[in-house]
Structure formats: structure tokens, C-alpha cells
Engineer: 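Take this structure, written in C-alpha cells, and hold onto it; I'll ask about it next.
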Amino acid sequence: MSNSRRLFFALSLPDALQQQVIRWRAEAFAPEAGRPVVAANLHLTLAFLGEVSAQKELALRKLAGRIVQPGFSMRLDDLGHWPRPGVVWLGTRRAPRGLLQLAELLRSQAARSGCHQSALPFHPHITLLRAATQPVAIPPATPGWTFSADAFSLYESVFEHGRTRYQHLEQWPLAK
Ligand code: 2AM
């Protein structure tokens, strides 16, 4: 499947918030805690699609373009560590209904289009550190940023020169 791409739907973080998060992260975690995700790669995944053919990608883009869902705000006030995948993440203690509905819609459209969906419940998170497989001292609190989502996006995960880069492909607005 040479013309397939590794795709996912996600919320982008505004540039200013990306910068605030990486500045705080440098203070909040020891360098040996894990490999920091570069600022431009910080995002919140809504639905992971895996390797998708060009035809299926087109169908999923069309479905995404028909979504009418409200925008929402959330406080980024939760932190956690998943040792098995080696991920330290930033999340929210109260996921807004709009976020859960949007993710559910995208995940069910993906499943119906034949993209395998994890059986694990959706746990909204922004990955901060990777390769964090040893115990990590998690700070007791975050600065409590508020993140407003007024659009969602399709990204391609590109692995080149030993690095993963997320290529922004298309964005759709959420209703006001
Ligand atoms: P992660 O940050 O927790 O690793 C691009 O790879 C994005 O899709 C990342 O946010 C990643 O989540 C997520 N992702 C990768 N593989 C996945 C899978 N099998 N199921 C769900 N999400 C996945």
C-alpha cells in the first residue's frame, strides 16, 4: 500500500500555548524523565486512523466536513504517566461534552470506514514526554491553562531522518 498514509484527527494547540507548555515542562520534569515532544508536535488526538489508503482518506475527509459540532473550552489541569507506552501526558479532569462527542463521532466514522479503533476508552491527552518507561516524579499541579477548541484537524504522521513530524493536512471549524 505505497499510497497509504498514517493519519489521525486531532486538536492543534495554539502556538502561544505550545510555548507556555514547553517552558513549564523544562522546569517541571527532570531531563532523564523522558524525551520531550517538540512544541510543533503537541496536539490532542481525537481519533487515530492508522495506515489509510487515498480512497479511504477522501471518504473520511468528506465525512469530517459534514460534522456540525460546537466548539468547547477545557482546563488543562491533569497530569499522568503511562509507563507501558512510556508516555507522560497533560489532560483535563473534566472533559467537556463537546470534546467527547467530537471524538466519539470521529472514532465511529473511522471504525465504520474500516480503521481499527482501540477498545480502550478515549482518554483525552497531550503527550509531553515519550520513552518515559522508568518511574517519573509527576508535579502536583499544572499551571491550569485553559484551551479553547474552535476547529479540528487531520494530520499525517511522517517519519523521516529518524524523527516523527506531524503534517497538518486539513482543518474544519467547530460551530460558535
Ligand atoms: P500518544 O501521543 O498517546 O502516543 C499520532 O501518533 C497520535 O496518534 C499520537 O497522539 C498517538 O498517541 C496517537 N496514536 C498512535 N497510535 C495509536 C493507537 N494505536 N491508538 C490510539 N491512538 C494512537
Side-chain angles (χ1 to χ4, degrees), residues 1 4-15 17-18 20-22 24-26 28-29 33-54 56-57 60-61 63-64 67 72 74 76-93 95-96 99-136 138-139 142 145 147 149 151-172:
M1 283 210 295
S4 72
R5 311 208 269 182
R6 190 177 172 85
L7 303 179
F8 61 98
F9 287 107
L11 300 175
S12 330
L13 260 60
D15 291 354
L17 182 55
Q18 288 179 344
Q20 287 168 11
V21 169
I22 63 162
W24 165 82
R25 180 182 61 187
F29 294 94
R35 193 177 69 245
V37 173
V38 297
N41 277 2
L42 293 172
H43 66 276
L44 190 155
T45 296
L46 297 164
F48 179 72
L49 305 174
E51 293 289 327
V52 175
S53 68
K56 202 179 277 186
E57 177 184 336
L60 285 161
R61 285 191 193 221
L63 289 169
I67 289 178
F72 48 84
M74 73 184 104
L76 297 175
D77 57 1
D78 200 12
L79 285 167
H81 179 210
W82 294 328
R84 188 92 73 89
V87 162
V88 171
W89 51 265
L90 174 64
T92 180
R93 291 176 195 272
L99 167 62
L100 299 177
Q101 281 175 345
L102 178 61
E104 171 57 29
L105 198 50
L106 289 167
R107 286 156 66 98
S108 58
Q109 287 180 346
R112 280 200 303 276
S113 304
C115 301
H116 171 77
Q117 294 300 289
S118 164
L120 296 173
F122 174 60
H123 187 293
H125 67 280
I126 296 158
T127 296
L128 297 177
L129 303 174
R130 295 198 183 277
T133 49
Q134 300 301 312
V136 175
I138 297 291
T142 75
W145 300 284
F147 168 38
F152 67 99
S153 300
L154 180 67
Y155 284 89
E156 178 182 8
S157 175
V158 181
F159 187 73
E160 59 187 11
H161 312 304
R163 294 210 176 111
T164 299
R165 176 172 65 78
Y166 300 135
Q167 174 76 38
H168 189 263
L169 299 179
E170 190 167 354
Q171 188 172 67
W172 296 270

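Hydrogens, waters and symmetry mates are skipped; everything else that's a heavy atom, side chains included, is used. In listed order, ligands and their atoms are each counted from 1.
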Engineer: I'd like to know if R165 and E160 make a salt bridge, using a cut-off of under 4.0 Å between side-chain N and carboxylate O.
Structural biologist: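 Between E160 and R165 there is a salt bridge, with a charged N closer than 4.0 Å to a carboxylate O.
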Engineer: Which atom pairs, nitrogen or oxygen on both sides, join ligand 1 and the protein at under 3.5 angstrom?
Structural biologist:
from, atom 1, to, atom 2, distance (Å)
ligand 1, 2 (O), T127, OG1, 2.5
ligand 1, 2 (O), R130, NH2, 3.0
ligand 1, 3 (O), H125, NE2, 2.6
ligand 1, 3 (O), T127, OG1, 3.4
ligand 1, 4 (O), R130, NH1, 2.9
ligand 1, 4 (O), R130, NH2, 3.4
ligand 1, 10 (O), H43, NE2, 2.7
ligand 1, 10 (O), T45, OG1, 2.6

Engineer: Assess the residue pair F9 and F48 against the criterion (ring pair (Phe, Tyr, Trp, His ring centres under 6.0 Å)); give the C-alpha distance rounded to whole Å, side-chain angles, the decisive distance to 0.1 Å, and a yes or no.
Structural biologist: CA-CA 6 Å; F9 287 107; F48 179 72; over 10 Å; no
Engineer: Which class fits the ring pair H43 and F8: parallel under 30°, tilted 30 to 60°, perpendicular over 60°?
Structural biologist: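 Ring orientation of H43 relative to F8: tilted.
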Engineer: Does a side-chain N-to-carboxylate-O contact under 4.0 Å join R61 and E170?
Structural biologist: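 Looking at R61 and E170, the cut-off is met.
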Engineer: Who are the ring-ring contact (aromatic ring centres under 6.0 Å, His included) partners of W82, not counting sequence neighbours?
Structural biologist: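 By the ring-ring contact (aromatic ring centres under 6.0 Å, His included) rule, W82 matches W89, H123, H125.
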Engineer: Could you check whether any side-chain N or O of R130 sits under 3.5 Å from a backbone N or O of G86, counting only pairs where one atom can act as donor and the other as acceptor?
Structural biologist: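 No: the side chain of R130 does not pair with the backbone of G86.
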